[in-house]
Amino acid sequence: MAGNTFDTKKESLAVPKVNILTMFRLGLFQMGLSMMSILTLGVLNRVMIQEIAIPATLVSLVLAMPAFVSPTRILFGQMSDVKPLWGYHRTAYVWVGAGIFAIAAFLAVQVMWQLNAASNAATWVWTTQTIGWTAVLGLVFAVYGLAICVSGTTFAALLVDISEEDNRSQIVGIVWSMLMVGIIVGAIISSSLLNQLTAGASLETLQAAINRLFLIVPGIVFCLAIVATVGVEKKYSRFSNRSTPGNREDNISISKAWSILTASPQTGIFFTFLLVMTISLFMQDPILEPYAGEVFKMPLAESTKLNVFYGIGILIAYGVTGFFIVPRLGKRRTIKLGCILVAFSALLLGYSGFSANPNFLKFGLVIFGLSTGFLTTAAVSLMLDLTVAEAAGTFIGAWGLAQSISRGIAVVIGGTVLDIGRKLLPDNLVLAYGLVFALEAVGMLVSIWFLNRVNVTEFQTNTKKAFASVLESDLD
């Protein structure tokens, strides 16, 4: 066992440190993921809720399907730890996942048009056809989600493989900054391709524009995934030869990986913190564009462009937080500050509806983006600290599960609360939407309570003991 530890340290010293250029190149993958998010939660939610008039609760359930398959993140993460694909533990999984989710996104749109044709009525009516096409749409989104799980989990595990504690917050800051660049670029591309649509555009015109959008952007995203990761694992991974027979990671089965994962109570505490924080952070996702359309009377192209203002705020925060704020305040205190700021900015977004002024909404989104950037940079850095490098895929899968399932729950809650608000307050759309923003603010404050109970030292001690126990059992 001592020999294995020495070999790992020696291997860590044998590889070069990731340079700034490579960090930005890695960020192209996150940029692509955020562009896909713009398509699903920035375009399809508005089209289905407002233009096609599908109930918001049903739309949110369908859009949440990628999150509900996220338990597979642990399986895919563990697979990438022990089963190389085409000689790579991470890179090939990233590529395969990216190819599948690009195809699935386009197929989802085609199914959406079939659902619209089946429900061609003034109000939504459940029929055999609408039930059938809704099920197919949910299935396609589930496949899309599985592909995101494969690609996203193994990419995050790659970041653990190539990073050290002293440069981890910088890698997170740059890579996640590119995620926000993707939001801005995705919003601009989407807006430009949809710009010809007017408020009274025919269904045929809408369909042609959306189809073109979902053909061009997924293709770009797949190319970005390849460019971002090619050559990185071989050059920078501290565990690039883990697949050599006899290396300890190959002996860790899924059951043993699970025992390491659950060795510390801190795993459950941090998992719960991620759940509450992420649910509270993304409740507005399914309702923001409809909010802009119904309350602020924005056309589809303009409401899609709102993500530019949100992305600018996050981009500024990412650039500052990883290099200046986290090193000075520490990860935990930065997270608390972010939670408070997100709560404030959520209330600001709700209040902006009373003005019906689009500029007020845009200002609120910049503040919301800044707050989100402070919070997520520090939270992701803390997440990587709560990860055992030798089983990085398994741990990243667990944290990714918490984030994905909670984002799905957030989407469902957001759509459901909006429908409830519409029924309770049929004559006041601002208050109906405001219920979602108020609930977000409360959740962010609750997440601070769970954060106060996270102990990194206890986690590291318990998991190291569990990992040593697994190695000893293998030697017996």
Side-chain angles (χ1 to χ4, degrees), residues 30 33-34 37 41 156 159 168-183 269-285 288 307 309-350 364-386 399-400 402-407 409-411 413-414 436-454 456:
Q30 290 289 63
L33 282 187
S34 60
S37 178
L41 286 173
L159 296 186
R168 193 159 287 159
S169 65
Q170 285 79 16
I171 291 177
V172 169
I174 290 176
V175 171
W176 263 255
S177 292
M178 293 295 287
L179 186 149
M180 291 307 105
V181 171
I183 286 181
I269 295 172
F270 187 68
F271 189 93
T272 306
F273 161 72
L274 285 178
L275 278 174
V276 177
M277 182 199 77
T278 310
I279 288 172
S280 305
L281 195 59
F282 292 105
M283 252 185 255
Q284 89 289 338
D285 263 10
L288 181 61
N307 289 286
F309 299 95
Y310 173 66
I312 288 173
I314 296 188
L315 186 58
I316 294 171
Y318 278 173
V320 172
T321 307
F323 287 91
F324 301 105
I325 297 179
V326 170
R328 286 166 174 77
L329 291 183
K331 295 163 189 169
R332 191 184 301 268
R333 290 165 72 181
T334 305
I335 293 173
K336 290 180 182 178
L337 173 63
C339 288
I340 294 170
L341 291 175
V342 168
F344 168 77
S345 55
L347 295 176
L348 186 64
L349 287 175
L365 284 171
V366 172
I367 301 301
F368 192 85
L370 284 168
S371 307
T372 302
F374 287 136
L375 174 59
T376 53
T377 301
V380 171
S381 297
L382 183 62
M383 179 188 78
L384 296 183
D385 286 346
L386 289 160
W399 307 143
Q403 292 176 305
S404 296
I405 198 71
S406 54
R407 190 159 186 176
I409 293 171
V411 169
I413 291 175
V436 179
F437 295 114
L439 192 58
E440 270 191 319
V442 172
M444 292 311 305
L445 298 179
V446 172
S447 66
I448 295 176
W449 186 85
F450 288 101
L451 176 67
N452 289 334
R453 281 149 184 77
V454 174
V456 176

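All figures in this text were calculated on a predicted structure; none of them were measured in a lab.
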Working to the nearest 0.5 angstrom, can you tell me the gap between [X] [atom1] and [Y] [atom2]?
{"X": "Phe270", "Y": "Leu451", "atom1": "CZ", "atom2": "CG", "result": "8.5 Å"}
{"X": "Ile314", "Y": "Leu375", "atom1": "CD1", "atom2": "CG", "result": "10.0 Å"}
{"X": "Leu341", "Y": "Ser371", "atom1": "CG", "atom2": "OG", "result": "4.5 Å"}
{"X": "Thr372", "Y": "Phe374", "atom1": "OG1", "atom2": "CZ", "result": "10.5 Å"}
{"X": "Ile413", "Y": "Phe282", "atom1": "CD1", "atom2": "CZ", "result": "13.5 Å"}
{"X": "Leu281", "Y": "Thr376", "atom1": "CG", "atom2": "OG1", "result": "7.0 Å"}

Identify the two heavy atoms, one from [X] and one from [Y], that lie closest to each other, and give their separation to 0.1 Å.
{"X": "Phe437", "Y": "Gln284", "value": "CE2-CB, 3.7 Å"}
{"X": "Ser345", "Y": "Ile367", "value": "CB-CG2, 3.8 Å"}
{"X": "Ala317", "Y": "Gly369", "value": "CB-O, 4.4 Å"}
{"X": "Arg332", "Y": "Val454", "value": "NH2-O, 2.7 Å"}
{"X": "Ala378", "Y": "Ile335", "value": "CB-CG1, 3.5 Å"}

Leu365 and Leu288: CA distance, side-chain angles, deciding distance, side chain to side chain contact (heavy atoms under 4.5 Å, CB included) verdict: CA-CA 10 Å; Leu365 284 171; Leu288 181 61; 3.8 Å; yes
Derivation of the side chain to side chain contact (heavy atoms under 4.5 Å, CB included) call for Leu348 and Phe368: CA-CA 9 Å; Leu348 186 64; Phe368 192 85; over 6 Å; no
Side-chain donor or acceptor of Glu440 paired with backbone N/O of Met283 under 3.5 Å: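 Here the side-chain-to-backbone pair exists.
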Test log, rule side chain to side chain contact (heavy atoms under 4.5 Å, CB included), inputs Val320 and Thr377: CA-CA 10 Å; Val320 172; Thr377 301; over 6 Å; no
Side chain to side chain contact (heavy atoms under 4.5 Å, CB included) involving Ser447 - partner list, sequence neighbours excluded: Phe273, Val276, Met277, Cys339, Met444
Side chain to side chain contact (heavy atoms under 4.5 Å, CB included) involving Ser34 - partner list, sequence neighbours excluded: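 In terms of side chain to side chain contact (heavy atoms under 4.5 Å, CB included), with neighbours along the sequence ignored, Ser34 is linked to Leu179, Ile183.
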Arg333 atom CZ: more than 12 heavy-atom contacts under 6.0 Å: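 No, CZ of Arg333 has 12 or fewer neighbouring heavy atoms, counting only those of other groups under 6.0 Å.
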Qualifying side chain to side chain donor-acceptor pair (under 3.5 Å) pairs with a residue from residues 271-281, counting only residues at least two apart or across chains: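 Non-adjacent pairs meeting side chain to side chain donor-acceptor pair (under 3.5 Å): zero.
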Min side-chain heavy-atom separation Val366-Ile316 under 4.5 Å: no
